[in-house]
Amino acid sequence: GCGANETTNSAGDKTEGKAKKVALILPEKIGVNPFFQQMDEGAKKAAEEFGFELKTIESTDHTAIEENLRVAVAEGYDLIITSSFEAEDALKKVAGENPDQPFAIIDTTVDLPNVRSVNFREHEAAYLLGASAGLSTKTNTVGMVAAMDIPLLKKWTVAFENGLHSTNPDATFLVNYVGNFNDPAKAKELALLQASQGADFIAGAAAVGDLGVFEAAKEKGFYTAGQDVDRTELDPDHIVLSQLKGTDAVAYETIKAFAEGTYEAGVVAYGLKEEGVGLTYVTHESATPLNDFVGQEVVDQVKEIKDQIVNGELEVPNPLEN
Amino acid sequence: MTYRLEMKEMTKMYGSFKANDSISLSLKAGEVHAVVGENGAGKTTLMRMLYGMEQPTSGEIYIDGKLVSFASPNDAIANKIGMVHQHFMLFPDFTSAENIVIGHEPKSGMFFNRTKAAEQVQALGDHYQIPVRPNVKTAECSVGEQQRIEILKVLYQGADIIILDEPSAVLTPLEVKGLLKTIRQLADQGKSIILITHKLREVMEVADSMTVLRNGKVTGAVSKKDTSVDELAKLMVGRELHELSNRVQMKGEPILELRNVTVQEKTNKPLLDDVTLTVKRGEIVGIAGVSGNGQSELLQAISGLRSIQEGQLLIYGQDITNQSVASIRKAGLSHIPEDRYLWGAAKQASVEETALMGYQRKPDYRSYSFLLKAPFRKLVNSWIDKFEIKTGSLDEQAGNLSGGNLQKLIVARELGQETPLLIAAEPTRGVDIGAMEYIHEALLEKRNKGEAVLLVSSELSEIMSLSDRILVMYEGKIVGEINRSDASEEAISVLMAGGQQNEH
Amino acid sequence: MNTNFIRFLRPLFQPFVAIMIGLLTGAIAISVVGEPVLASYKEMWNGAFGNFYFFTSTLARATPIMLVGLGVALAFRAGVFNLGAEGQMVLGAVSAALAGVYLPGSGIGKTLLILLVGMLAGGLWSLLAGWLEAKFKVQLLISTLLLNYIAILFASYLVSDPFQDQSGSAALAQTVMLDQSVWLPKLFQGMSVHWGFVIAIAAALIMYVIFKTTSAGFEVKMLGFNPFFASYGGINKMKVMLVSMFISGALSGLAGTVEVLGTQYRFVDGALTGPGLAWTGLMATLLANSHPIGTAITSIFLAALETGAMGMERNTQVPLEVSSIIQSVLILFISAKITLKWWKRKKKAGGSHGTL
Amino acid sequence: MELFDLTLISSTLRMVTPILLAALGGALCARVGLFNVGLEGLVLIGAFSAIVGNHLTGSVFLAVGFAAIMSLVFSMLFAYMTIHLKANDIVVGVAINFLALGLTTFALRTIFDVKGAYYDKDMKGLPKWDIPVIENIPVLGELLSGHSPLVYVSFLAAILLYVFLYRTVTGFRVLSIGMNQVAAKSIGLKVGALQYLAIGLCGVLCGLAGAQLSLGQVTLFSEGMTAGRGFIALVAMMLGQSHPIGIVGSSLLFGFMDAISIRLQGFSLPTQFTQMLPYVITIFAMFLLRDRGMGSQHGNQQSGR
Ligand SMILES: Nc1ncnc2c1ncn2[C@@H]1O[C@H](COP(=O)(O)OP(=O)(O)OP(=O)(O)O)[C@@H](O)[C@H]1O
Ligand SMILES: Nc1ncnc2c1ncn2[C@@H]1O[C@H](COP(=O)(O)OP(=O)(O)OP(=O)(O)O)[C@@H](O)[C@H]1O
Ligand SMILES: [Mg+2]
Ligand SMILES: [Mg+2]
């Protein structure tokens with residue numbers, strides 16, 4: 001019998017664990033997706049501020065999500081946050097089986113009494129982006145490079161097109177799909193193609209592929225826009241707008257609510273009104289000056305549209321809901 | 001005088017099996033030394049050790065009195081040893097010249113000077129009087145030419161000691177003559193040659209001295225002047241050889257009939273051209289011919305491995321034209337194939353599995369699609385006893401059997417089918433004289449039972465000693481038929497070379 | 001030394017050394033990120049086999065790998081290289097899901113019907129490649145690889161347009177969820193392993209028995225060893241090849257189907273291709289030399305590496321990437337033929353290699 | 001929308017370069033009897049190393065060299081495992097793919113402290129070369145001039161590989177190994193060394209392919225940015241029957257069809273169907289080529305028996 005005398009401090013660890021534990025279970029690797037990266041940052045910030053212990057768990061693949069949720073339940077986390085459509089099924093199962101465990105899911109709805117669903121109305125922001133494009137284009141041709149032709153992305157492509165045609169009914173809209181989320185080289189080719197077809201504004205909605213679109217813009221001199229965070233600083237001469245999505249804020253708010261005891265189940269949606277989504281210059285300031293291609297006049301016009309949406313005069317349909 | 005090569009007490013173990021048991025052998029410059037022995041005696045194993053392809057378990061090799069050890073063929077080649085493998089080591093898509101010079105290519109800078117290679121090969125061939133066509137792909141060469149390419153390759157590499165493992169087994173009589181002449185010439189020019197063969201007549205014709213192996217041991221080391229074919233045979237098999245049994249004469253109805261069979265690929269020249277023949281009960285019909293004149297195609301057509309464009313095939317009057325192999329076998333055919341490694345076996349399969357081919361659906365060995373191993377093993381073991389097949393166990397890989405033993409296994413398998421008709425293609429190729437006797441006896445026995453055998457062999461003596469009738473093929477046609485009583489080597493040879501049939 | 005003892009140990013030596021080398025390399029990777037090596041490996045072990053729950057998760061994960069592996073193994077045995085497991089699996093899964101949604105009935109009878117549909121779809125897709133080879137000499141090795149892309153895109157189309165789940169957020173390309181009555185039941189309450197695992201094990205055993213004892217197994221094997229020998233012996237080369245391809249694809253289709261019926265309860269676009277199940281199954285087969293029981297074992301081993309890596313990711317600061325590095329290094333060395341001879345040869349100065 | 005325009009061709013040339021380079025590398029491996037499914041991983045290593053090299057040295061050409069060296073190192077791992085340790089080539093290839101993905105992601109974090117993608121707007125990619133005379137020819141100039149040097153290198157590599165295999169002594173010996181390895185050993189060729197050489201060259205080519213991807217087509221690195229190009233290269237290699245000129249043809253065919261399929265997206269067909277086009281056409285091409293070259297036996301020999 002040796003070494004039996006040095007186990008005291010590990011017991012100390014356990015008793016010290018009074019701090020509440022939050023698990024953030026991401027449905028995929030943080031990898032190429034700024035969406036999850038921000039969420040992680042927001043959660044970290046909140047955890048620090050409110051003295052929580054935070055564990056971020058990335059899932060290697062689809063089947064790992066459920067596994068991770070179950071383990072998190074078993075390991076006694078006080079709040080388990082997950083995200084996105086991919087986690088829907090898994091959460092339904094796990095949350096259903098553990099009715100006393102509080103959960104939150106960001107970016108989709110799971111209708112259970114112990115789940116707080118936090119949604120975005122990205123289509124509102126996409127609509128604004130499309131409207132700006134319609135007002136700014138000189139060639140009357142506007143493009144978008146999207147990741148994949150899947151239903152989810154209609155929130156971006158269809159809403160963008162609607163916005164575009166609301167301000168510029170005659171504009172030609174080009175859309176091309178990369179076929180995956182991780183191919184900037186192909187995204188760039190698609191942008192070059194659209195530029196050769198006359199587009200002077202090409203929005204990126206291709207996850208990491210957007211970087212390829214930006215490069216094409218720099219090379220061919222057309223204008224472009226990014227997603228989720230303010231991308232204009234990357235190349236203010238060509239990246240003239242960014243469609244914003246506050247996943248960090250939402251993750252932060254969710255943990256904050258839990259800390260302050262205002263957490264409750266049900267659906268919370270963040271749109272333009274709640275400032276969960278937005279567009280640079282229109283809803284949020286940007287560190288980079290406004291590019292002349294867009295111009296203050298356009299921004300002002302789009303601000304009006306935004307106000308209409310916020311006060312309910314104008315309803316932007318969710319492309320997934322019909 | 002020192003020996004050019006001495007092998008002392010060479011032993012090779014495969015697991016607990018002793019393939020070579022302290023074998024010693026020596027060889028002088030300009031000498032032809034034959035290594036003979038029955039199948040599985042260990043000849044090939046000994047040579048593989050000499051060529052660095054196998055590491056001896058114990059024993060020493062001396063070259064010009066110097067102790068050497070070979071980790072790979074590289075070392076053997078560096079010591080001027082060359083080997084012509086029985087299964088040729090050629091690159092089918094390369095030309096003859098490329099195959100010969102590979103490893104020591106003539107260069108211009110870093111580039112391969114193919115023109116020079118062709119010239120060198122031409123010159124080398126002229127020098128040793130071994131003709132090859134330098135610019136023809138080896139895939140398009142006859143077996144004889146392929147072998148000449150192999151020999152030239154070894155010479156090109158500068159070998160002084162040349163190992164030939166059963167070089168004559170696949171050659172036509174004419175080619176054999178050429179080969180023996182070449183061997184003699186090479187020896188006269190100072191090369192030392194080790195010749196492995198089962199053909200004792202060849203040994204007596206060309207070798208100066210011989211070593212006889214049996215069961216991995218040396219049973220005799222003699223020189224030509226002190227021995228005879230009979231003595232060699234006795235040393236090899238350890239007993240006297242018998243005469244073939246008598247032939248029972250019978251009048252039989254036809255078992256196999258071919259009517260105007262033509263085999264043709266696309267619009268090329270027909271491979272089989274309007275062939276008509278009959279094989280009756282109680283007879284062995286021999287097909288003679290220089291290889292490549294349609295014998296292979298004939299056998300493949302009969303056994304269902306090749307489709308027939310015109311004509312009709314009948315077994316016992318039942319039309320089997322273009323039927324599947326399985327149904328033709330069912331109609332009464334068994335088949336000893338000409339190439340045992342290509343058609344007759346699978347190297348990775350076990351001995352038992354190799355033997356099972358063709359029996360797997362027979363009711364005696366199968367019930368409800370499960371194989372009945374016990375009765376089948378009994379059968380295989382009986383073959384092993386009868387033909388003295390040397391194998392470690394039934395689970396041994398077929399590829400590990402010596403060539404001759406695998407052949408015996410295949411022969412036993414096909415005879416075991418007890419079908420009214422047997423096609424036997426080169427049934428004794430690479431088989432020792434003892435086993436050859438068994439196989440010949442078995443074929444005769446089959447005939448005497450009132451069954452039929454269609455025999456194809458490039459060995460004229462085999463054809464002449466076994467056949468009741470001899471058909472000669474030339475360019476896909478049957479150009480002549482000779483009865484047993486009228487057969488002579490000259491008459492057949494003339495037909496084989498495309499000459500006209502004389503009156504007899 | 002006792003030779004019997006050595007003979008007994010010899011087959012264990014190779015995997016042992018391989019695992020040691022793999023773990024050693026992993027240890028280096030873990031140390032590089034400054035984590036405790038032993039503790040990290042303990043978490044890895046726990047993640048795979050730590051308790052009953054993790055053990056069953058490993059088995060659940062091994063299920064599709066095993067079925068794909070067996071499918072590939074069967075094709076290998078017949079001498080054809082079926083690289084199309086992924087497409088066959090996806091097509092099987094999507095067909096099964098659609099059958100589950102649109103065919104009438106419920107309960108065990110329907111479950112069996114769905115299993116059949118999934119196998120049929122995978123089998124027919126695989127048969128297509130076999131037929132292209134047999135009839136038109138279109139090389140199977142390439143065509144199966146290409147058919148994967150086509151199958152995956154086609155399945156993606158089906159579930160993102162005509163058969164998409166329109167309920168809920170309707171954002172994912174997926175079919176609607178199957179009725180609970182057709183689900184493959186879990187083997188243990190609250191554990192992820194389901195009846196699909198039993199099916200997979202049964203498939204492995206059946207395949208073992210078929211190859212060991214039946215004439216059909218014999219014929220497939222001989223065709224794989226030497227097609228000339230097979231046709232000489234009266235085996236219908238074309239038929240055996242096509243049947244093998246069909247069953248091979250059916251097993252892959254079954255892999256997709258049990259994932260649908262036992263784990264996801266619907267077809268989700270990308271859920272089967274994301275984890276690289278098909279490649280893992282292929283590896284399981286190759287590591288086991290196409291032996292059915294061996295494939296079952298290597299499948300569990302490979303699944304354990306994955307669940308173990310997940311456990312390590314959850315419970316240590318070792319980043320996910322490091323666990324995938326450890327995984328790949330382990331696989332690399334498991335596949336190596338490290339033999340005693342190799343060991344000895346290393347010791348011998350100027351040791352040689354390259355004999356025949 | 002126009003289906004055919006000038007950008008179609010120049011876009012095809014750019015897009016096809018990494019595939020062509022990797023396929024040539026794969027062909028070298030095939031010629032020494034090894035089926036290298038690790039192309040994807042090797043290209044990824046190249047793509048990442050090119051960015052690292054550029055970051056460290058500030059010189060694109062040194063960066064390309066660095067990419068070639070790093071892929072070479074990993075190809076040596078493939079060689080050592082398959083030649084010395086006799087590991088199954090496919091298993092090793094798949095493991096290398098996993099390893100490359102893990103390592104590059106890991107190194108992205110440790111070297112650049114970013115997740116997902118590394119992008120530096122000040123980083124300079126490969127220059128576009130204007131070819132003196134051709135540049136001024138109206139249509140041809142637009143098509144053939146103004147690409148990254150590696151585009152020209154890839155086609156040059158195909159020609160050089162042709163010369164290497166069919167004109168040099170070493171190439172001749174390399175060919176012999178793929179044709180009959182047992183025979184090659186029996187005449188004392190240094191089979192192992194030649195295999196190392198071929199695999200090493202494959203590594204270099206894959207490194208160049210990666211560099212073209214991360215410094216030629218775009219100037220950034222993102223996780224898994226090869227996006228299946230290694231597997232397409234494998235198909236191109238097989239369709240081109242491991243012959244350099246055949247591979248140029250099959251790569252161009254695939255690249256061209258891919259470019260067409262992008263342009264078809266505008267029409268009413270579902271995207272998934274337009275994306276199938278290159279694969280369907282490739283199968284069709286195989287059908288037309290069926291009587292040539294390596295028959296189905298080749299596939300048999302490569303199976304994992
Ligand atoms: N790799 C091996 N493993 C096990 N046994 C082997 C191996 N190679 C050969 N043998 C056995 O060694 C014995 C000698 O074989 P070898 O090939 O030397 O015979 P051989 O004299 O050449 O016979 P043949 O005249 O038939 O060619 C045979 O019984 C054979 O089965
Ligand atoms: N390609 C091969 N692969 C593996 N083993 C082989 C191969 N060829 C021959 N062998 C084995 O090597 C030994 C010697 O065979 P070799 O090729 O010299 O023919 P052989 O035994 O002389 O046969 P034959 O009777 O046809 O002349 C045998 O044990 C045989 O099984
Ligand atoms: Mg022999
Ligand atoms: Mg022999």
Side-chain angles (χ1 to χ4, degrees), chain C residues 29 32-33 72 75-77 79-81 132-133 136-143 145-150 153-154 156-157 160-161 224-225 227 276 279-280 282-283 285-287 289-290 319-338 342 353-356, chain D residues 35 37 77 81-88 90-92 94-110 182 185-186 190-192 228 231 234-235 238-239 270-273 275-276 278-280 282-283 286-287 289-291 294-300 302-305:
Chain C
V32 166
V33 292
V72 178
F76 274 167
R77 282 294 182 96
V80 283
F81 208 145
L132 284 174
E133 157 119 13
F136 302 111
K137 296 196 181 124
V138 172
Q139 273 181 68
L140 213 136
L141 188 66
I142 321 181
S143 65
L145 202 58
L146 288 166
L147 287 171
N148 280 341
Y149 293 95
I150 297 174
L153 285 168
F154 182 65
S156 167
Y157 163 74
S160 54
D161 201 10
F225 280 161
W279 285 108
T280 315
L282 179 72
M283 278 199 290
T285 299
L286 292 175
L287 289 178
N289 217 350
S290 302
L320 204 58
E321 299 80 50
V322 171
S323 43
S324 73
I325 293 171
I326 295 173
Q327 254 186 68
S328 34
V329 171
L330 268 172
I331 292 166
L332 265 181
F333 283 94
I334 286 288
S335 71
K337 306 262 179 307
I338 303 164
W342 177 71
H353 50 84
T355 50
L356 273 171
Chain D
F35 191 58
V37 288
L77 176 65
M81 298 299 304
T82 50
I83 299 170
H84 277 94
L85 300 189
K86 306 249 180 297
N88 180 292
I90 295 183
V91 174
V92 175
V94 177
I96 281 189
N97 288 341
F98 276 128
L99 186 64
L101 192 59
L103 270 182
T104 51
T105 309
F106 176 64
L108 189 65
R109 261 173 79 155
T110 39
V182 178
K185 275 186 182 158
S186 83
K190 296 196 166 43
V191 171
F231 291 100
L234 213 54
V235 170
M238 290 189 278
L239 185 63
T271 321
Q272 285 91 350
F273 288 106
Q275 281 172 349
M276 281 179 204
Y279 308 105
V280 174
T282 307
I283 291 183
M286 284 167 55
F287 169 78
L289 287 174
R290 65 189 186 275
D291 279 336
M294 40 187 212
S296 53
Q297 267 323 100
H298 191 70
N300 283 342
Q302 295 198 325
S303 77
R305 285 181 270 117

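It should be emphasised that the depicted structure is a prediction, and the values quoted were computed from it without experimental measurement.
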Side chain, backbone, both or neither of L282(C) within contact of chain D (heavy atoms, under 4.5 Å): side chain
Bottom line for L77(D): the part with an atom under 4.5 Å from chain C's heavy atoms is side chain
Heavy-atom proximity to chain D below 4.5 Å, by part of V32(C): side chain
Apply ring pair (Phe, Tyr, Trp, His ring centres under 6.0 Å) to F154(C) and list each qualifying residue two or more places apart in sequence or on a separate chain. none
Atom group of I325(C) that falls short of 4.5 Å from chain D, counting heavy atoms: both
In terms of heavy-atom pairs under 4.5 Å with chain D, the winner among I331(C), I150(C), V329(C) is I150(C)
What part of V191(D) gets within 4.5 angstrom of chain C, counting heavy atoms only: side chain, backbone, both, or neither? neither
Quiz question: by atom type and distance under 3.5 Å, do the side chains of Q275(D) and S156(C) form a donor-acceptor pair? no
Taking all atoms of both residues into account, what is the closest heavy-atom pair of G192(D) and I83(D), and its distance? O-CD1, 4.0 Å
The test is side-chain contact (heavy atoms from CB on, under 4.5 Å); show your working for Q272(D) and D161(C) and say whether it passes. CA-CA 10 Å; Q272(D) 285 91 350; D161(C) 201 10; over 6 Å; no
Where does M81(D) contact chain C at under 4.5 Å (heavy atoms): side chain, backbone, both or neither? side chain
Closest non-hydrogen atom pair, V37(D) against W279(C): CG1-CH2, 4.5 Å
For M286(D) and S143(C), the nearest pair of non-hydrogen atoms, with its separation, is CE-N, 3.9 Å
Given that the side chain runs from C-beta out, which part of L132(C) has a heavy atom under 4.5 Å from chain D: side chain, backbone, both or neither? side chain
Toward chain D, the part of T285(C) with a non-hydrogen atom under 4.5 Å: neither
To check you understand the geometry: which heavy-atom pair defines the closest contact between A95(D) and S328(C), and what is its length? O-CB, 3.4 Å
